[in-house]
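Structure first, then comments.
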2 protein chains.
Amino acid sequence: MPRSPTPRRRATLASLAAELKVSRTTISNAYNRPDQLSPELRRRILAAAERMGYPGPDPVARSLRTRKAGAVGLMITESLNYWFSDPAALDFVAGLAESCEEAGQGLLLVSIGPNRSVEEGSGAVLAAGVDGFVVYSASDDDPYLAVVRQRQLPIVVVDQPKDLPGCSRVGIDDRGAMRGLAEYVLGLGHREIGLLTMRLGRDWPHPKPRPAVADPQRVESPHFHVQRERINGVCDAMAAAGLDPAALTVVESYDHLPTSGGAAAEVALAANPRITALMCTADVLALSAMDYLRAKGIYVPGQMTVTGFDGVREALQRGLTTVAQPSAEKGRRAGHLLHHPPGSGLPVIEVLDTEVVRGRTAGPPA
Amino acid sequence: MPRSPTPRRRATLASLAAELKVSRTTISNAYNRPDQLSPELRRRILAAAERMGYPGPDPVARSLRTRKAGAVGLMITESLNYWFSDPAALDFVAGLAESCEEAGQGLLLVSIGPNRSVEEGSGAVLAAGVDGFVVYSASDDDPYLAVVRQRQLPIVVVDQPKDLPGCSRVGIDDRGAMRGLAEYVLGLGHREIGLLTMRLGRDWPHPKPRPAVADPQRVESPHFHVQRERINGVCDAMAAAGLDPAALTVVESYDHLPTSGGAAAEVALAANPRITALMCTADVLALSAMDYLRAKGIYVPGQMTVTGFDGVREALQRGLTTVAQPSAEKGRRAGHLLHHPPGSGLPVIEVLDTEVVRGRTAGPPA
DNA sequence: GTGAAAGCGCTAACAC
DNA sequence: GTGTTAGCGCTTTCAC
């Protein structure tokens, strides 16, 4: 079999046109507007393309001309480990990917781990050939936020930051949802509660990367308002029940490993041995805490109540008492907002529903 | 605070140059080669850019000029559900993403579910602004294979198809790995084995989308050779043990749901009640089969041996006897091959190591 | 149904 | 250090 002729210089639309002695428009039409030329001519063109090894119109050149990249970017400013170990984040990506697929668009993962310099990271954001960006759960002071905004492309924020001028957002009522769950836990009779949360800020005010008790001031630090809102939800419920929210033991986890929740639980229980309920701001933390408690021989819910947040599959399977939020739907909505921007041109805030799931991990205090 | 002036027409490098009465090269240099101009001038340029709302060099135009897109594409021709519910696939993506991040490149997910027409799908592949493609575990007759190849970009294949001319590949010795596991199972004394596998071809030769026994001819169908190789690995072990490989009950699962393995197990046990060991070509199938057996009151490994393949986290946690393969490393290698192509220009085949993990789910037959 | 001309926004040679 | 000149490969009026 003869090898197809591989010209030095790659074939372009223009070279094809020259070869066939037709105009470039005609070639372009053969690919983009089949109805604009005779089927016969089109066939001839496509055959010649094949013969000359012309791969079809260059997507980049087309993008430049049409001002459409055909893809949306997803900024990932946390470490990839974080992302790929949080089922809720993955569900979100799945939903977003689904929406992109439906719209025939690509999804460009722009990931900039903490090991990259801000310069490198900015380069990646600036280099992304996309028509818009999704920002997922970024801290208010994320240095890359300014960079995406600089691009002057449509942005859809998911969860946080809460107020990015001109940007649509999809999220949930974190505070209300957590309050609902806390009311349930308080209703069971718990008074000493440990609250296990993800990192509250990009910085880490302790010498070691281990979980640590967060003082009220740290809790009020504005950087990851989703975590703060969930904490506030618990405080709301406590205040409503006549309890002092200051009694809450908040433990913040530095990283996001499968064992982080357990480590945080240990710190919480050491800080306040009278705790009878561990409320976590993420299912992954709660599941890990449960593993830790089991290893310690502490029975759940008999000796310790544990709750989560997210409603990921594993949590529901294991009967975790938690708040279920529609992570995949968030992704779909975010994609939709980018692919079909609201006619008004005005930013939209979509708040999705959540549901308290009464599982088998919460009971009356021992 | 005054709003920044938002000109009708978006600022471009040229308009900035005109405004500042310098050449476009100088502006370009201010962004790309800071050492090529005086810091003072650069500062002035950047300030003017800020003032005029110039977002920096357009990535698409730059790509056209430099012939570099700064991203690699990942073709996803299975349904997204499939991808996001298989931890092994996710580990792979995580590894690939890691490698992209390291190289400062983007990762473009080009997903074309089974619900898209081939035309739509081809459009997506043809429209991807990337410097190369990763093809992950595609069937030999995947219609999009021809489309990616048409792009004439570097391609790295992961797992399958096995022979894509001119393309590097990273994979494992599926047959040998599975043979090793089967030898262990046979060594325990099992003689009647059920083999649960993913779909063997893109087509589905049965009326209903339920698991079904695959006849030898179907097993030999060439489309997903990874599955076939793993099956052959078991056959090898059986033949070496003096058993007739034809006695193997192969059940093929149509879809990839959390319950698929259980459904397949049911079909296998119905087809051959004497089965004492269920070997699965993926951990997700095995875990689901275990759930099914538990629900049926069949004790593992006392009454039934179950094995998997992949070595995903949940499987290891649950003590599944399986073959561990380095999924994330596959992703990293694939990315590396794309970002740092071998000097020779010749395609490379990388075969990574696997390991039989003797867990707690295999024992002597009852 | 087909073609000519204009230009998307940028960077790379090369000259000054 | 800075400017001039040429495109990268394509699509899009608009005229024929």
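Order of the sequence lines fixes the chain letters, A, B, ..., with proteins taken first and strands second; residue numbering starts at 1 for each chain.
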Any residue meeting salt bridge (Lys or Arg N to Asp or Glu O under 4.0 Å) with A:Glu98, in chain and number order, not counting sequence neighbours: A:Arg332
Pairwise 5' ranking along DNA chain C for B:Leu64 and A:Thr26, keeping only the more 5' one: A:Thr26
Do any side-chain nitrogens or oxygens of B:Ser38 fall under 4.0 Å of OP1 or OP2 in D:dG1? no
Can you give the donor-acceptor pairs under 3.5 Å from side chains of residues 14-21 of chain B to other protein atoms, not counting sequence neighbours?
from: B:Ser15; atom 1: OG; to: B:Thr12; atom 2: N; distance (Å): 2.9
from: B:Ser15; atom 1: OG; to: B:Thr12; atom 2: O; distance (Å): 2.8

Expressed in angstrom and rounded to an integer, what is the separation of B:Lys21 atom NZ from D:dT2 atom P? 17 Å
Length of the CG-C1' vector between B:Leu126 and D:dG9, whole Å: 15 Å
Heavy-atom protein contacts under 4.0 Å, nucleotides 11-16 of chain C, coded B base, S sugar-phosphate only, - none: BBB---
Please determine if a side-chain N or O atom of B:Thr12 lies less than 4.0 Å away from the OP1 or OP2 oxygen of C:dG9. no
Residue pairs, two or more places apart or on separate chains, that pass salt bridge (Lys or Arg N to Asp or Glu O under 4.0 Å) and touch residues 53-77 of chain A: A:Asp58-B:Arg67, A:Arg67-B:Asp58
Sequence neighbours excluded, every pair satisfying salt bridge (Lys or Arg N to Asp or Glu O under 4.0 Å) that has a member inside residues 146-160 of chain B: B:Asp159-B:Lys330
Rounded to the nearest Å, what distance is computed from the CG atom of residue A:Leu37 to the C1' atom of nucleotide C:dT2? 9 Å
In whole angstrom, what separates B:Asp131's CG from D:dC8's P? 19 Å
Qualifying ring pair (Phe, Tyr, Trp, His ring centres under 6.0 Å) pairs with a residue from residues 93-130 of chain A, counting only residues at least two apart or across chains: none
Short side-chain N/O contact from B:Tyr31 to OP1 or OP2 of C:dG9, under 4.0 Å: no
Using whole Å, what does the distance between atom P of nucleotide D:dC10 and atom CZ of A:Arg67 come to? 17 Å
